[in-house]
Each structure stands twice: as structure tokens, then as C-alpha cells.
Chemist: 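So that we are looking at the same thing, I have put the structure below in C-alpha cells.
Everything numeric in this text was worked out from a predicted model, so none of it was measured. Computed over heavy atoms, backbone and side chain alike; hydrogens, waters and symmetry mates excluded. When a residue number appears, it is its place in the shown sequence, counting from 1.
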Amino acid sequence: MNGPQDLGGRDGFGPVSPETREPLFHADWEKRALALTLAAGALGHWTLDESRHARESLPPLTYYGSSYYEIWIRALEILLQRHGEVGADELAAGHMLRAGLRPERRLQAAQVAPVMARGGPVDRPVRTPARFAPGDTVRTRNHQPRGHTRLPGYAREKTGVIEAVRGVHVYPDSHAHGRGEDPHWLYTVAFDGRTLWGDAAAPGLTVSIDAWEPYLEPA
């Protein structure tokens, strides 16, 4: 979606200032925010794609005015209410007023390490041939969904070259909204910097993105 998170190529936000020796957490509460988000995800109500979309759907004023983990907590509040685990009255009270819907899905401490190590693979069996091959020239569609997408705004209606074929993966544009996995071929597509940023691009700059097949058409 064209949400506040899609900042690539936008002016007016100042330079990117990466921190040297950046800590994992800037404050103790951020550790709890991460733990709460992972534990709540283990309830099984939503997918990773839905959780990403919840963060991207925050109002711009909230999104830009929040730190990284504040964004996580704002989105978690939305997800927990959407799926009936928490009520607005409980959020207002700041504590639980009734039992959750899925107490049997509680993530025990001993389960955390193996669950994190297992991850959530999204590659799926190949059932149809890939439409494109490395070296093919493609053009991204004018893809403007109102919902979730992994195609950044700056890379729409641009011509690039297939750099690699990554197999078949869950399609986030569908998965984020509970419409099933709808797996599609995934490609790495390389763009010349001038194609994306015009003459202002640094000489020799290339940008590679991962793009699902529905985002692409032959150039």
C-alpha cells in the first residue's frame, strides 16, 4: 500500500544516519515490546504479512511520530483487538479484565528458542513453470493496491532485468488479508539507478528488489 512506511526515494525526511555500534535495544521497554509481539503472534490469529500490514496501516502522524518499537506496539494493539484477544476497555485499563481466547496457545519459555530457530518458511512447492528467467528484461506494473504489497512505490512502472529466480513463495498481497497463501514465483530484479532516480543517481548505482510474478510483465 502507499502507506507512510514506503519512504524510498522521497524527499524531505533528511539524511539516513546509521548509528555506529547500534545496540539491539535503546531502552528496556523495547525488549518487552519485542517479546510481547512474538508471544502474541504465537496465538496464531494472524500471519507475519498481516502484522506488517497493521504497522504500515498506522496513520502517518502516528507512524512518523513513533519510534520503531512504538510502531510495533501500536500495531499489536490493533491486531489483538481485531482478533478478539483484547478489548478497548482492557487497553484503557492497562490490564486484563477477562481471559484471552486461546490460553492453550501460550508460548512457554522453553519453546522460544526452538520456535525462533524454526522460523516461518514461506517457500512452497513448484506447480507451474516460471514465466521469466535470469537476463530477461521486465517492467513492473503500475501496482497500486489499497492493501498490502511488497512492491515499493519507487519501483513501479520501471524497467529492470531478472537477476535471479527464487522459487515459489507465499504471496503477501493476498496473505496479509486472510485470502490464502496464493503462492507465486519470486524474482530478484535489478534496476539501473538512473531508471529509478534519474540523472541524480550515482554513476554505476544499481538497486535490486525481490518481486513476485504478479508485479511483473515482459518489457
Chemist: Filter on ring-ring contact (aromatic ring centres under 6.0 Å, His included), then keep only pairs touching residues 188-207, sequence neighbours left out; what's left?
Modeler: Tyr154-Trp197
Chemist: Looking at residues at least two apart in the chain, or sitting in another chain, which of them share a ring pair (Phe, Tyr, Trp, His ring centres under 6.0 Å) with His148?
Modeler: His53
Chemist: Please examine the side chains of Ile73 and Glu77, heavy atoms only from C-beta on, and report whether any two atoms are closer than 4.5 Å.
Modeler: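 The answer is yes, as the side chains (C-beta and beyond) meet within the 4.5 Å cut-off.
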Chemist: Walk me through whether His143 and Asp173 qualify under side chain to side chain donor-acceptor pair (under 3.5 Å).
Modeler: CA-CA 11 Å; His143 189 61; Asp173 296 42; 2.8 Å; yes
Chemist: Donor-acceptor pair, Tyr64 side chain versus Pro4 backbone, under 3.5 Å?
Modeler: yes
Chemist: Please report the shortest heavy-atom distance between Thr159 and Ala219, naming the atom on each side.
Modeler: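 Residues Thr159 and Ala219, closest heavy atoms: CG2-CB, 4.2 Å.
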Chemist: Indicate yes or no: does Arg131 engage Glu213 in a salt bridge with an N to O separation below 4.0 Å.
Modeler: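 Glu213 and Arg131: not salt-bridged.
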Chemist: Tell me if a side-chain donor or acceptor on Arg141 pairs with a main-chain N or O of Glu157 at a distance below 3.5 Å.
Modeler: no
Chemist: Distance-only check: which donor-acceptor pairs under 3.5 Å involve side-chain atoms of residues 11-24, not counting sequence neighbours?
Modeler:
{"unit_1": "Glu19", "atom_1": "OE1", "unit_2": "His26", "atom_2": "NE2", "d": "3.3"}
{"unit_1": "Glu19", "atom_1": "OE2", "unit_2": "His26", "atom_2": "NE2", "d": "2.9"}

Chemist: Can you check whether Pro145's main-chain N or O pairs, donor with acceptor, with Thr149's side chain at less than 3.5 Å?
Modeler: no
Chemist: Could you give the distance from CD1 (Ile209) to CD (Glu163), rounded to the nearest 0.5 Å?
Modeler: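 These two atoms lie 11.0 Å from each other.
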Chemist: How about CG on Leu61, more than 12 heavy atoms from neighbouring residues, nucleotides or ligands closer than 6.0 Å, or not?
Modeler: no
Chemist: Please work out which of the three classes, parallel, tilted or perpendicular, describes the rings of Tyr215 and Trp212, given edges at 30° and 60°.
Modeler: perpendicular
Chemist: Only pairs at least two apart or in different chains count here, so list each ring-ring contact (aromatic ring centres under 6.0 Å, His included) that has a residue in residues 95-141.
Modeler: Phe132-Tyr187
Chemist: So, the side chain of Asp6 versus the backbone of Gly153: is there a donor-acceptor pair under 3.5 Å, distance only?
Modeler: yes
Chemist: Starting at CG of Leu34, measure out to OH of Tyr69 and round the result to the nearest 0.5 Å.
Modeler: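 Rounded to the nearest 0.5 Å, the CG-OH separation comes out at 4.5 Å.
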Chemist: For the CG atom of Leu151 and the NZ atom of Lys158, what is their distance to the nearest 0.5 Å?
Modeler: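 It is 11.5 Å, given to the nearest 0.5 Å.
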Chemist: Measure from NZ or CZ of Arg166 to the centre of the six-membered ring of Trp185 and say whether it is under 6.0 Å with the direction within 45° of the ring axis.
Modeler: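 Judged by the rule, Arg166 and Trp185 form no cation-pi pair.
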Chemist: Within a strict 4.5 Å, meaning less than it, do heavy atoms of the Leu76 and Leu36 side chains meet?
Modeler: yes
Chemist: Nearest heavy-atom pair of Pro134 and Val165: which atoms, and what distance?
Modeler: CD-CG2, 3.6 Å
Chemist: Which pairs count as salt bridge (Lys or Arg N to Asp or Glu O under 4.0 Å) when at least one residue sits in residues 86-104, sequence neighbours excluded?
Modeler: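 Sorted pair list: Asp89-Arg98, Glu90-Arg98.
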Chemist: Restricting to non-hydrogen atoms, name the atom on Ala155 and the atom on Thr140 that form the minimum distance, rounded to 0.1 Å.
Modeler: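 Heavy atoms only, the tightest pair is O-OG1, 2.6 Å.
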Chemist: If you measure only the distance, is there a donor-acceptor pair under 3.5 Å linking the side chains of Gln5 and Arg55?
Modeler: no
Chemist: Show me, pair by pair, the donor-acceptor contacts under 3.5 angstrom made by side chains of residues 39-48, not counting sequence neighbours?
Modeler:
{"unit_1": "His45", "atom_1": "NE2", "unit_2": "Glu85", "atom_2": "OE2", "d": "2.9"}
{"unit_1": "Thr47", "atom_1": "OG1", "unit_2": "Asp49", "atom_2": "N", "d": "3.4"}
{"unit_1": "Thr47", "atom_1": "OG1", "unit_2": "Glu50", "atom_2": "N", "d": "3.0"}

